[in-house]
Amino acid sequence: MRKERRTRRKKVDRKLFVIDTSVLIYHEDSIHAFPGQDVVIPLEVLEEIDGLKSRPDKAGNSARYINRFLDELRSDGNLSEGVFLKNGQKISISLDSDIGLMPKGVNNSRDNRIITVALKLKEDGLSPTLISRDINLRVKCDALGIKAESYHREKAVIKRRDAYTGVKVIHLSPGQVTEFYEKGYIEHLEKGLMPNEYLVLKGGKQSALAVHKKGRLEKLVRTSRGDFEVMGIKPRNKEQCFALEMLLDPDIHMATLTGMAGCGKTILSTAAAIHMLKAGLYDKIVLSRPVQSLSGDIGFLPGTKYEKMEPWIQPVLDNLKLIFKNGESYLEMMMESGAIEVEALTYIRGRSLPRTIFILDESQNITYAEAKAVITRMGEGSKLILLGDLDQIDAPHLDSTTCGLGAVVEKFRSFNLSGHITLLKGERSPLAAYAAKIL
């Protein structure tokens, strides 16, 4: 167990947080998650934590950890006055709940008494924020004039309109665009560009497509040719050009593709994977897709693992059959030889996958922890491809900011071995594109 010792820090721009039970049992690390701030834990929260400690699930594990941690913290000071952690965070226990601070007629419930701790702090001239994963509790706080926020340990900081797309437009002079075409690159020191970020260069009436690598804007190596295709698949728009360039780049070890249904995520990925496999860059392709529930077993369905998984990965298989020109026998031969493998995420932990292309479709339905489990399976010389639509999340309790795919896109945007493209245009059919847009 990690034990943090007290250190005295200056109280500069410190915030005051009142923590609800739902936060502490969400993940045991939450009690350490407010460095440099003041954290108040109401006594009612400790009572709820004590009632959960015997549970055999994740909530019980967190409750037991919180109890042990606070007990050890007593040796560093008085919790009623506050004890400092090594990260500058101060933790104190409050006995100041008073149901009389609530409007008349309100129940004397544990949740309401937790709110009154924040009300008392506000009466004392402070500016507390109540942190809770309980929606109703946050709504009550808003009605009472108390600031309230939710808490997500894995939450990627994403504002949808500002979400990273992997593509940026840069305006240059016509002379710079001409230099780019002549040299194949141009030195560019614009701040804020991410590694492997793809660019549309505009200068007067000229334009060009480029990628940012090591401080230079470089010409696309593969997709800049007008007749470019991969396994018979041609890019239909600039985002698809960028996507294929990223997928075929051996220096990019993880590629993430997001976009609406029908934008080409799966067909582009499978075409690029087959091309690289045939070129001998990788030894095999592993296909997977989350099932409901991903963390559970795939069930007592009859047949082999492949037969159980086949309904879930059918979209990928459909695209493989299209690439092989309906050559199902060739596809079956590759699967029998182990060149193409199907894996259930239920059993991914513990595996090591060297020289492998791992395609995880519908990855918007995996959690942060599951994304970590997949990424850490990748061995030397492997490439991970994560596909998904952040507007079509089926898994309960996940959204575009808390799902594994959304978090990975944001957290890996500055990593020089990864790349991301958001595909914007549906290419399946006008009907599919319109439905994805309006429904």
- Message: A quick test of your reading: do over 12 heavy atoms of other residues, nucleotides or ligands sit less than 6.0 Å from NZ of Lys234?
- Response: no
- Task: Verify, without hydrogens or angle tests, whether Thr258 (side chain) and Asp389 (backbone) share a donor-acceptor contact under 3.5 angstrom.
- Result: no
- Query: Side chain of Gln89, backbone of Val39: donor and acceptor closer than 3.5 Å?
  - Reply: no
- Message: So which atom in Ser337 and which in Met334 form the shortest heavy-atom distance, rounded to 0.1 Å?
- Response: OG-O, 2.9 Å
- Message: I'd like to check Leu130 versus Ile19 (side-chain heavy atoms, cut-off strictly below 4.5 Å). Are they in contact?
- Response: no
- Message: Would you call the rings of Tyr65 and Phe69 parallel, tilted or perpendicular, taking 30° and 60° as the class edges?
- Response: parallel
- Nearest-0.5 Å distance, CG of residue Asn67 to CG of residue Leu46: 7.5 Å
- Task: Run the salt-bridge test on Arg289 and Glu362 with the 4.0 Å N-O cut-off and return the result as yes or no.
- Result: yes
- Which pair of heavy atoms, one from Ala271 and one from Val230, lies closest together, and at what distance? O-CG1, 3.4 Å
- Under a 4.5 Å cut-off applied to non-hydrogen side-chain atoms, are Thr270 and Ile323 in contact? yes
- Query: So with a 6.0 Å cut-off around CD1 of Ile135, is the heavy-atom count from everything else above 12?
  - Reply: no
- Item | Non-hydrogen side-chain atoms of Val83 and Arg74 separated by less than 4.5 Å | no
- Any donor-acceptor N/O pair, Ser382 side chain to Arg355 backbone, under 3.5 Å: yes
- Counting only N and O atoms by type, is there a donor-acceptor contact under 3.5 Å from the side chain of Gln176 to the main-chain atoms of Ser173? yes
- Query: Salt bridge or not for Lys213 and Asp249, using N-O below 4.0 Å?
  - Reply: yes
- Item | Minimum-distance pair of heavy atoms, taken over all atoms of Leu217 and Phe180 | O-CE1, 3.4 Å
- Query: Any side-chain heavy atom of Lys383 sitting closer than 4.5 Å to one from Met276?
  - Reply: yes
- Note on the structure: From the list Asp20, Thr21, Asp111, side chain to side chain donor-acceptor pair (under 3.5 Å) partner of Ser132 resolves to Asp20
- Using modelled atom types only, decide if a donor and an acceptor are shared between the side chain of Thr129 and the backbone of Lys147 within a distance under 3.5 Å. no
- In short, Met260 meets Leu424 closest at the heavy-atom pair CE-O, 3.3 Å
- Asn196 vs His420 side-chain heavy atoms within contact, under 4.5 Å: no
- Glu336 side chain vs Met333 backbone, donor-acceptor pair below 3.5 Å: no
- Can any side-chain N or O of Glu218 pair as donor or acceptor with the backbone N or O of Gly184 at less than 3.5 Å? no
- Item | Under 3.5 Å donor-acceptor, Glu245 side chain and Thr223 backbone | yes
- Message: Between the side chains of Arg14 and Asp38, is the shortest nitrogen-to-carboxylate-oxygen separation below 4.0 Å, so that they form an ion pair?
- Response: yes
- Could you tell me the separation between the CZ atom of Arg222 and the CE atom of Met246, rounded to the nearest 0.5 Å? 12.0 Å
- Could you tell me whether Asp71 and Arg68 have a side-chain N and a carboxylate O separated by less than 4.0 Å? no
- Looking at Tyr151, is Arg133 sitting on its ring face, NZ or CZ under 6.0 Å from the six-membered ring centre and within 45 degrees of the normal? no
- Exam field: side chain Ser30 to backbone Val23, donor-acceptor pair closer than 3.5 Å: yes
- Message: Under a 3.5 Å cutoff, is there a donor and acceptor pairing between the side chains of Thr178 and Gln206?
- Response: yes
- Query: Is the closest side-chain heavy-atom distance between Arg377 and Ile375 below 4.5 Å?
  - Reply: no
- Message: Could you check whether any side-chain heavy atom of Ile285 comes within less than 4.5 Å of a side-chain heavy atom of Thr356, counting everything from C-beta outward?
- Response: no
- Item | side-chain contact (heavy atoms from CB on, under 4.5 Å) between Phe358 and Ile385, worked out | CA-CA 6 Å; Phe358 192 107; Ile385 302 174; over 6 Å; no
- Query: Closest heavy-atom contact between Ile359 and Ala273?
  - Reply: CD1-CB, 3.9 Å
- Query: Taking C-beta and beyond as the side chain, do Ile170 and Lys202 meet within less than 4.5 Å on heavy atoms?
  - Reply: no
- Item | Atom pair CD (Glu149) and SG (Cys141), whose distance is rounded to the nearest 0.5 Å | 11.0 Å
- Task: Examine distances only and state if a side-chain atom of Glu380 and a backbone atom of Leu353 form a donor-acceptor pair shorter than 3.5 Å.
- Result: no
- Message: Under a 4.0 Å threshold between the charged nitrogen and the carboxylate oxygen, would Arg351 count as salt-bridged to Glu343?
- Response: yes
